[in-house]
Chemist: 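One structure, pasted below without further comment.
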Amino acid sequence: PNLKVDIVAHSLGGLITRYYARYGTVDVLDDNLFPVNNHGAERIRRVVLLGTPSLGSIEAIKVIIEGHPVGLRKMPPQTVVTFPSVYQVLPHPINVWLVNAEGERVQQDLFDLSFWQRFQLSVFDPNVIERIKKQYDTPEEGQRRVELLQRYFAKHIERARRFVWSLTVPANELPIRYILFGGDCTLTSARV
């Protein structure tokens with residue numbers, strides 16, 4: 001019971017580790033209160049974070065909209081959006097992620113469902129919707145699948161909002177030694 005572990009985490013694993021240090025195994029994402037209890041921190045001695053996107057990744061937007069390349073093929077958006085992790089690495093709301101041609105910030109909340117609906121992105125894109133519907137024997141089955149994916153998207157975009165904020169709320173200093181490593185010194189896209 002007194003054992004403390006060292007964790008080496010890569011990418012999203014680093015975000016999950018940070019969440020665990022703050023909240024242990026408690027799911028605090030069902031509302032907007034994030035009571036830090038440090039239950040995980042009590043069990044961790046040292047954390048090594050390798051390429052953890054603490055403020056999110058622009059690449060996640062592209063993957064949700066266009067899909068994700070796998071080998072010589074591409075996993076389509078309607079498949080990608082079924083992975084909760086893709087929402088959790090979206091750019092953090094405190095990050096300036098969208099700018100216009102003059103370099104000025106454009107206010108858009110990635111975690112607001114209406115953003116995705118208004119711009120018809122991902123599972124709200126008419127072309128993606130048609131591709132989904134064509135996979136089913138009847139239009140009704142296809143429409144039910146579209147509606148299911150859109151409800152799933154709505155639920156997980158809101159949980160992701162809470163996830164990123166849960167890692168940002170002020171907390172007492174955790175008794176963990178963090179060691180951070182970035183990438184290979186190649187700049188990561190931060191804005192669109």
Side-chain angles (χ1 to χ4, degrees), residues 7-20 29 47-93 95-101 106 108-161 163-164 167 180-192:
I7 297 175
V8 178
H10 174 253
S11 192
L12 177 63
L15 298 179
I16 293 167
T17 299
R18 290 180 52 219
Y19 180 95
Y20 175 74
L29 303 180
V47 173
V48 178
L49 300 179
L50 305 169
T52 296
S54 291
L55 291 178
S57 168
I58 290 296
E59 190 65 25
I61 300 169
K62 181 180 175 186
V63 167
I64 290 174
I65 294 171
E66 297 178 2
H68 183 68
V70 178
L72 298 175
R73 303 185 74 192
K74 188 174 257 191
M75 187 183 311
Q78 63 266 28
T79 303
V80 169
V81 300
T82 65
F83 303 144
S85 58
V86 75
Y87 305 96
Q88 295 169 342
V89 294
L90 284 169
H92 195 291
N95 196 18
V96 177
W97 70 274
L98 185 63
V99 294
N100 64 18
V106 177
Q108 290 295 328
D109 182 357
L110 273 176
F111 296 95
D112 182 352
L113 183 64
S114 67
F115 166 81
W116 299 89
Q117 294 169 325
R118 183 173 66 245
F119 293 105
Q120 298 182 333
L121 300 171
S122 190
V123 292
F124 303 99
D125 177 337
N127 295 321
V128 172
I129 291 170
E130 280 309 307
R131 283 197 304 269
I132 295 168
K133 287 180 177 181
K134 286 181 182 177
Q135 296 174 335
Y136 292 87
D137 294 332
T138 67
E140 295 78 24
E141 285 178 294
Q143 185 60 36
R144 279 195 300 274
R145 180 63 176 179
V146 167
E147 291 169 3
L148 176 66
L149 283 169
Q150 290 175 344
R151 285 192 312 273
Y152 185 91
F153 190 102
K155 176 182 178 180
H156 286 280
I157 199 80
E158 181 57 33
R159 281 185 61 82
R161 171 198 304 280
F163 178 76
V164 301
L167 298 177
L180 310 176
F181 288 93
D184 57 4
C185 297
T186 301
L187 292 176
T188 303
S189 299
R191 292 176 181 79
V192 176

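In what follows, residues are counted from 1 in the order of the sequence shown.
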Chemist: Measure the CZ-CD distance between R145 and Q78 for me, rounded to the nearest 0.5 Å.
Modeler: 8.5 Å

Chemist: Rounded at 0.5 Å granularity, tell me how far CD in E141 sits from CD in Q135.
Modeler: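 These two atoms lie 12.0 Å from each other.
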
Chemist: Are any of the side-chain heavy atoms of L15 and V164 separated by less than 4.5 Å?
Modeler: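 SC-SC contact between L15 and V164 ruled out.
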
Chemist: Does a salt bridge link E158 with R161, judged by any charged N lying under 4.0 Å from a carboxylate O?
Modeler: yes

Chemist: Any donor and acceptor pair, going by atom type alone, linking the side chain of Q117 with main-chain N or O of F124 inside 3.5 Å?
Modeler: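 Here the side-chain-to-backbone pair does not exist.
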
Chemist: Is there a donor-acceptor pair closer than 3.5 Å between any side-chain N or O of W116 and the backbone N or O of L110?
Modeler: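 Judged by distance alone, yes, a pair lies under 3.5 Å.
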
Chemist: At what distance, to the nearest 0.5 angstrom, does CD1 of I132 lie from CD of E147?
Modeler: 11.0 Å

Chemist: Using 0.5 Å steps for rounding, measure from the CG atom of L90 to the CZ atom of F111.
Modeler: 4.5 Å

Chemist: Measuring only between side-chain heavy atoms, which start at C-beta, is V81 closer than 4.5 Å to I64?
Modeler: yes

Chemist: Taking all non-hydrogen atoms of both residues into account, name the closest pair between G67 and K74 and its distance.
Modeler: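 Minimum heavy-atom separation between G67 and K74: C-CG, 4.1 Å.
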
Chemist: Look at atom NZ of K62 and say whether more than 12 heavy atoms of other residues, nucleotides or ligands are closer to it than 6.0 Å.
Modeler: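 Counting other residues, nucleotides and ligands, NZ of K62 stays at 12 neighbours or fewer.
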
Chemist: Are the side chains of H92 and L167 in contact, using a 4.5 Å heavy-atom criterion?
Modeler: no

Chemist: For the pair S57 (side chain) and V89 (backbone), establish whether a donor and an acceptor sit closer than 3.5 Å, ignoring hydrogens and angles.
Modeler: no

Chemist: Kindly say whether N127 contributes a backbone atom to a donor-acceptor pair with the side chain of D125 at under 3.5 angstrom?
Modeler: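 Yes, D125 side chain to N127 backbone: donor-acceptor pair under 3.5 Å.
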
Chemist: How many angstroms lie between atom CZ of F83 and atom NE2 of H68, to the nearest 0.5 angstrom?
Modeler: 9.0 Å

Chemist: Might you point out which heavy atoms bring L12 and S85 nearest each other, and give the distance in Å?
Modeler: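 Reported closest heavy-atom pair: CD2-CB, 3.1 Å.
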
Chemist: Are P91 and I61 packed together at the side-chain level, in the sense that at least one heavy-atom pair is separated by less than 4.5 angstrom?
Modeler: yes

Chemist: For G14 and A9, which heavy atoms make the closest approach, and how far apart are they?
Modeler: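 Residues G14 and A9, closest heavy atoms: N-CB, 3.5 Å.
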
Chemist: Which atom names give the shortest non-hydrogen contact between T82 and T79, and what distance separates them?
Modeler: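 Closest approach of T82 to T79, heavy atoms only: OG1-O, 2.6 Å.
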
Chemist: Would you compute the distance between atom CD1 of I129 and atom NZ of K134 and round it to the nearest 0.5 angstrom?
Modeler: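 I129 atom CD1 to K134 atom NZ measures 13.0 Å (nearest 0.5 Å).
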
Chemist: Tell me whether the centres of the aromatic rings in F153 and Y87 are closer together than 6.0 Å.
Modeler: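 Yes - the distance between ring centres of F153 and Y87 falls below the 6.0 Å cut-off.
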
Chemist: So do Y136 and R144 actually touch side chain to side chain, heavy atoms under 4.5 Å?
Modeler: no

Chemist: Do the non-hydrogen side-chain atoms of R18 and S54 ever get within less than 4.5 Å of each other?
Modeler: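 Yes, at least one pair of side-chain atoms sits under 4.5 Å.
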
Chemist: Would you mind reporting whether V8 and L50 have side-chain heavy atoms less than 4.5 Å apart?
Modeler: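 SC-SC contact between L50 and V8 confirmed.
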
Chemist: Do the non-hydrogen side-chain atoms of F115 and I157 ever get within less than 4.5 Å of each other?
Modeler: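 They are not in side-chain contact.
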
Chemist: Between Y19 and F163 (side chain of the first, backbone of the second, donor and acceptor by atom type, cut-off under 3.5 Å), is there such a pair?
Modeler: no

